[in-house]
Enquirer: 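Questions regarding the structure given below will be posed in turn.
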Amino acid sequence: MRSTMMQMPLSLNQLLEHAHALYPTREVVSRRPDKSLYRCNYGDVYRRVRQLAQALQGAGVARGEAVGTLMWNHWVHLEAYFGIPAAGAVLHTLNLRLSPEDLAYIIEDADDKLIIIDDVLLPIWDRVRPLLKKPPRIVVFAFSGAPLPAGSESYEDFIAADASAYRYPEQDENEAMGMCYTSGTTGRPKGVVYSHRSMVLHSIVGALPDVLGSSSRDNVLVITPMFHANAWAMPFGALMLGAKQVFPGPHMAGEDLLDLMEGEAITLSLGVPTIWMMVLQALQSGKRTWKLVPGMRMTVGGAAVPRSLIEAFDQYGLTIKQGWGMTETSPLGSITSIKPNLIDAPADRLYDIRARAGLQVPLIQLRIVDFDGQVLPWDGESTGELQCRGHWVAGGYHNQPTDPEKFTEDGWLRTGDVATIDPEGYLRIADRTKDLIKSGGEWISSVELENAIMGHPSVAEAAVIAVKHPKWDERPLAVVVKKPGREVTPQELRELLLPRFAKWQVPDDFTFIDALPRTSTGKFLKTKLRQDFKNWISKTPA
Ligand code: ADP
């Protein structure tokens, strides 16, 4: 028997129409480079999204062709998030922290027909353009508010024509709506291409009470860059719900973010742990206080979230919820939620759960597989590679549909993360395969050591990497950044670690530096640290 339900393709245009019908006056607030705030609403966004879509079609951008964005987080980037797909084209967000060589490579790999650029980012474009065989058309948005450089085509002129009669192309739900490139910590960046179907399903599941629990009543601060992993797809989900969206522009300092949280009564925010460490330092500095909405939720992921960070924010009445995901998973894979049978668990157990990467969300499946391809039980002990599948998980890359290193024969994504899952389903990320430390034939998790070290009150940040050792092959070296004006010795850090780890897991080697190198998305850049400390002589006796 066939169902009698209507057959309608899932489309981002439906989310846009819904927000326009119900929430045209909900605000979108953006911080400009001069720190002033620009305010508009979903009614304005709707109108301008359709103007952009019509203009792109008029410019000859064909269905399925890529249009790049080189922009900070702000209202025009939101217009591009919906306007490029509404033209039937593919939103290709360019990571402004990549090298000019990598940017040129991905612009050519995606074959971008046109790129929308913030005026303040034109210096980046000037370094990329000479590397391109056929530079695409450039449309410049005057984000700074200053007059545009002579000869540039203005975004406002480009989208100026009335589009009230604009009609969306009729598209199959599996057609591409967007693409992001993986950061390429190993090898060239690879293009992940999302569909209307995958992004709509992701937006719906993302809002569920046990996932983000977001609603029209939320005021959302989107700190995660819109040029990375779809800003965790929040711009799509928040607009669908009619939640107010607030964008920080280029201002990412802890104080700046706290000012926005206070001023815009933020209830939900998202970002990588390093951002929240800066916010916490600003709160703890005692320089001033901020009146934040009690119970403000923060979704934190992209790298391990130290338990000490969760505990510290709880003291301010602010709640961290940890999630795990990747560019390849759109990115929502798992998120913390306390199961009903655990609600009354002792506080220590609850913190232990919240320091894990959460439960797989509906429509996503996770499994742990050992190095021989054997699927392992969810017992909290068995450690292996995390694999994933679901409706918004990549099954291949643009221009590279098969890659046995990333996809299994039976259709799972190989994440490159090493993990356990406990009997309740809680995921614990032990490490990335390439960051594990092998000492005397036994694996040491760098993440667990880092989290413990960052629990010391004088430590701002820490990363643990492998250094060579003549007898044990590799030993851990802890690279530590102290908080301003605070002191801590290697001996104190060892004493902190010894009761919690096996003796051979505890580093004998510590070094202190001023700041950890970061990836383009704000995570600790361990490849650089390994390079910097490649001649380190381990203090562990041979
Ligand atoms: P990249 O880090 O290379 O820029 P992604 O942004 O796609 O690429 O990052 C995905 C990776 O981030 C995951 O494979 C995992 O290693 C790490 N990650 C994401 N969330 C968490 C988490 N909650 N705990 C630990 N690691 C995480």
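In listed order, ligands and their atoms are each counted from 1. All heavy atoms count here, side chains included; hydrogens, waters and symmetry mates do not. Here the structure is a predicted model, which means the values were calculated and not measured.
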Enquirer: Under 3.5 Å, sequence neighbours excluded: what are the donor-acceptor pairs made by side chains of residues 450-457?
Expert:
residue : atom : partner : partner atom : Å
E450    : OE2  : V464    : N            : 2.9
E450    : OE2  : K526    : NZ           : 2.6
H456    : ND1  : S458    : N            : 3.0

Enquirer: Please determine whether a side-chain nitrogen of the Lys or Arg among R97 and D102 lies less than 4.0 Å from a carboxylate oxygen of the Asp or Glu.
Expert: no
Enquirer: Going by the atom numbers of ligand 1, which of them fall below 4.0 Å from some non-hydrogen atom of G323?
Expert: 20 (N), 22 (C), 23 (N)
Enquirer: Which bit of A303 gets closer than 4.0 Å to ligand 1, counting heavy atoms only: side chain, backbone, both or neither?
Expert: backbone
Enquirer: Hey, does L70 have a side-chain heavy atom less than 4.5 Å from the side chain of V128?
Expert: no
Enquirer: So, does D111 use its side chain to make a donor-acceptor pair with the main chain of A66 at under 3.5 Å?
Expert: no
Enquirer: Which part of T327 is near ligand 1, with near meaning a heavy atom under 4.0 Å away: side chain, backbone, both or neither?
Expert: both
Enquirer: Would you say that L436 contacts K438 through its side chain, given a criterion of any heavy-atom pair below 4.5 Å between the two side chains?
Expert: no
Enquirer: Between G325, A304, C180, which one has a non-hydrogen atom sitting closest to atom 25 (C) of ligand 1?
Expert: A304
Enquirer: Look only at interatomic distance and state if G302 has a nitrogen or oxygen under 3.5 Å from any nitrogen or oxygen of ligand 1.
Expert: yes
Enquirer: I want to know if ligand 1 touches M326 in the polar sense, i.e. an N/O pair below 3.5 angstrom.
Expert: no
Enquirer: Donor-acceptor pairs under 3.5 Å, side chain of residues 199-210 to any protein atom, not counting sequence neighbours: which ones?
Expert:
residue : atom : partner : partner atom : Å
H202    : NE2  : L332    : N            : 3.1
S203    : OG   : M199    : O            : 2.8
D210    : OD1  : S337    : OG           : 3.4

Enquirer: Below 3.5 angstrom, do we get any N/O pair linking D417 and ligand 1?
Expert: yes
Enquirer: Which ligand 1 atoms are under 4.0 Å away from a heavy-atom of H228?
Expert: 4 (O), 6 (O)
Enquirer: Any nitrogen or oxygen of E328, side chain or backbone, less than 3.5 Å from one on ligand 1?
Expert: no
Enquirer: Between Q360 and L366 (side chain of the first, backbone of the second, donor and acceptor by atom type, cut-off under 3.5 Å), is there such a pair?
Expert: yes
Enquirer: So if I count the atoms of ligand 1 from 1 in the order they appear, which ones are less than 4.0 Å from some heavy atom of Q322?
Expert: 22 (C), 23 (N), 24 (N)
